[in-house]
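Worksheet: the structure to be examined is printed underneath.
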Amino acid sequence: MYSVIGGIEMVLRIFFTADDLARTTVAGSADPLWETVISRMRLRDVHQSLELHPWLRRVRADPANVTRMRQGALLLSVLAPRGPYIPDFLTPDEARTGLDSGLDALLRTPRRRLRHELRLLARDTRLPDWVRDIADGDVEALNRLANGLRSYHDAAIAPHDDLVTASVAADRARRAHGLLDNGIEGLFDGMRPLVRWQSPVLEVNYPVDQELHLAGRGLRLVPSYFCDRYPISLADPDLAPVLIYPIDMGSRWPQIAVANGPRPLSALMGATRAGVLRALDVDFGTTTTQLARRLHTTIASASRHTRVLRDAGLIATQRDGIAVLHTRTSLGTALLEHDR
């Protein structure tokens with residue numbers, strides 16, 4: 001796979017035939033190994049997404065779980081770096097039926113493939129000596145990798161299934177409505193601006209220019225709780241075609257609010273950002289300068305908070321002449337109402 005680490009200017013072009021359109025599906029749940037790999041990326045992010053704060057807070061609140069995550073996290077720091085390339089053998093197609101099936105497939109990865117993919121990784125990343133044992137298919141080394149990934153998943157993902165599963169299910173329901181109402185175009189149009197459908201090609205913002213010809217195999221779309229901003233796919237076009245995409249913001253926040261129960265909004269996102277959300281004028285919008293005055297903070301600080309809230313889908317920003325106006329979205333309003 002290729003991971004997204006910076007500005008996106010290039011495109012993955014996925015070419016469909018009529019058979020591919022008929023065989024395109026949306027997975028019923030998140031993929032456990034993809035979520036394991038991607039969540040480790042999120043832990044390394046310098047600026048972590050606001051909607052992931054409840055998960056981050058839960059993970060870091062339990063020292064025992066943090067300890068259980070450590071070995072897997074260290075392995076992924078080497079094998080799944082910030083980019084641009086990550087070996088595909090870490091996320092085998094068999095994981096669609098569960099973590100056990102995925103790890104069994106990982107353990108059975110042919111030595112030739114291990115060597116090839118780790119050689120590709122070594123082009124951009126300096127690898128420690130222990131990676132050579134994995135490349136050689138050493139049984140003990142592969143078992144350590146599988147056990148580390150299992151422990152990481154059991155500590156970082158499984159305990160928070162209420163957040164992940166409910167959010168992914170809500171997103172899948174949204175996609176199903178688009179597909180039922182307007183066919184494949186409705187499905188892909190509902191995923192804008194992540195993708196652009198120009199029949200028979202699906203264009204996806206991506207860290208490298210790449211083409212994927214489905215050739216009758218169809219495409220499996222997999223919703224991800226931890227995928228951030230842009231979809232991810234496999235690097236090897238000969239593997240079963242898959243596109244991991246970040247779930248819609250509208251599927252995240254209602255589930256987070258329910259999972260957090262009656263706790264005040266400030267506990268969910270921090271007092272200052274909750275204050276920014278409350279201070280916005282719904283009818284006419286609020287400028288950054290007005291926000292700074294109302295909250296007794298600097299314009300730079302108010303601007304930082306509005307950017308985070310905008311990225312989380314809780315506010316919208318538009319220019320009116322020389323002024324920049326911020327308003328709450330329906331999601332932002334729904335969160336405030338839940339906080340009463």
Side-chain angles (χ1 to χ4, degrees), residues 1 3 5 30-46 48 52-111 113-115 117-122 124-165 224-228 232 234 244:
M1 75 187 82
S3 65
I5 58 174
D31 183 295
L33 280 179
W34 279 101
E35 295 297 78
T36 295
V37 172
I38 298 172
S39 68
R40 178 63 183 112
M41 296 178 187
R42 298 290 77 81
L43 288 173
R44 292 199 301 265
D45 287 345
V46 176
Q48 289 160 336
L52 291 183
H53 283 192
W55 170 71
L56 290 164
R57 188 168 55 245
R58 285 184 179 189
V59 167
R60 292 165 177 167
D62 188 340
N65 264 357
V66 172
T67 299
R68 292 174 66 197
M69 291 167 54
R70 186 166 294 131
Q71 181 62 26
L74 289 173
L75 291 166
L76 288 172
S77 293
V78 174
L79 298 176
R82 293 186 62 84
Y85 173 80
I86 296 173
D88 291 329
F89 74 82
L90 293 172
T91 53
D93 183 65
E94 289 84 350
R96 68 165 74 193
T97 61
L99 181 65
D100 289 342
S101 298
L103 291 177
D104 286 345
L106 186 152
L107 291 171
R108 297 194 308 271
T109 305
R111 183 184 303 175
R113 179 179 168 191
L114 291 170
R115 287 179 174 174
E117 293 188 5
L118 289 172
R119 192 177 298 117
L120 292 177
L121 178 63
D124 301 299
T125 304
R126 185 173 182 177
L127 302 178
D129 291 340
W130 56 260
V131 175
R132 186 177 297 111
D133 292 334
I134 295 178
D136 289 339
D138 180 79
V139 173
E140 186 176 340
L142 287 171
N143 277 324
R144 280 197 300 270
L145 173 59
N147 290 337
L149 295 180
R150 182 186 298 278
S151 294
Y152 177 95
H153 178 274
D154 289 349
I157 311 296
H160 316 293
D161 188 62
D162 56 333
L163 285 177
V164 176
T165 300
S224 170
Y225 185 81
F226 297 100
C227 190
D228 184 44
I232 304 176
L234 297 167
I244 312 300

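It should be emphasised that the depicted structure is a prediction, and the values quoted were computed from it without experimental measurement.
Side-chain contact check for Leu75 versus Leu149: every heavy-atom pair is 4.5 Å or farther apart. No side-chain heavy atom of Ile232 sits less than 4.5 Å from a side-chain heavy atom of Ile86. Asp104 places none of its side-chain heavy atoms less than 4.5 Å from the side chain of Glu94. Taking the side chain as every heavy atom from C-beta outward, Leu145 and Leu79 approach each other to under 4.5 Å. Side-chain atoms of Leu90 and Leu33, non-hydrogen and from C-beta on, never get closer than 4.5 Å to each other. Taking the side chain as every heavy atom from C-beta outward, Asp31 and Thr91 never approach each other to under 4.5 Å. Side-chain contact check for Leu76 versus Thr36: some heavy-atom pair is nearer than 4.5 Å. Contact of the Leu120 side chain with the Pro87 side chain is not registered, since no non-hydrogen atoms from C-beta on lie closer than 4.5 Å.
To the nearest 0.5 Å, atoms CG (Leu114) and CD1 (Ile134) are separated by 8.0 Å. The CG atom of Asn65 sits 9.0 Å away from atom CG of Asp154, with the distance rounded to the nearest 0.5 Å. For the atom pair CG of Leu106 and OG1 of Thr109, the computed distance is 4.5 Å after rounding to the nearest 0.5 Å. A distance of 7.0 Å separates CE of Met69 from OG of Ser39, quoted to the nearest 0.5 Å. Annotation: the span from Leu52 atom CG to Asp45 atom CG amounts to 8.5 Å, rounded to 0.5 Å. Of the inter-residue distances, the one linking Trp55 atom CH2 with Ile157 atom CD1 reads 6.0 Å to the nearest 0.5 angstrom.
With hydrogens and angles disregarded, a donor-acceptor distance shorter than 3.5 Å links the side chain of Glu117 to the backbone of Phe89. Side-chain atoms of Arg42 come within 3.5 Å of backbone atoms of Phe226 as a donor-acceptor pair (strictly under, hydrogens ignored). A distance-only check finds a donor-acceptor pair linking the side chain of Arg40 to the backbone of Ala73 [under 3.5 Å].
Taking all atoms of both residues into account, the shortest heavy-atom contact from Pro92 to Gly102 is CG-O, 3.3 Å. Heavy-atom minimum distance, Asp161 versus Thr165: OD1-OG1, 2.6 Å. Looking at every heavy atom in both residues, Ala135 comes nearest to Arg111 through O-CG, 3.6 Å. The two residues Ala146 and Leu103 come nearest to each other via the heavy atoms O-CD1, 3.8 Å. The heavy-atom pair separating Gly72 from Tyr152 by the smallest distance is CA-CB, 4.2 Å. Of all heavy-atom pairs spanning Val59 and Ala156, the tightest one is CG2-O, 4.1 Å.
Under the salt bridge (charged side-chain N to carboxylate O under 4.0 Å, His left out) criterion, Arg60 pairs with no residue, sequence neighbours left out. Partners of Leu74 by side chain to side chain contact (heavy atoms under 4.5 Å, CB included), not counting sequence neighbours, listed by chain and number: Arg70.
Screening residues 125-139 for side chain to side chain donor-acceptor pair (under 3.5 Å) gives Arg115-Asp136 as the qualifying pairs, with residues at least two apart or on separate chains.
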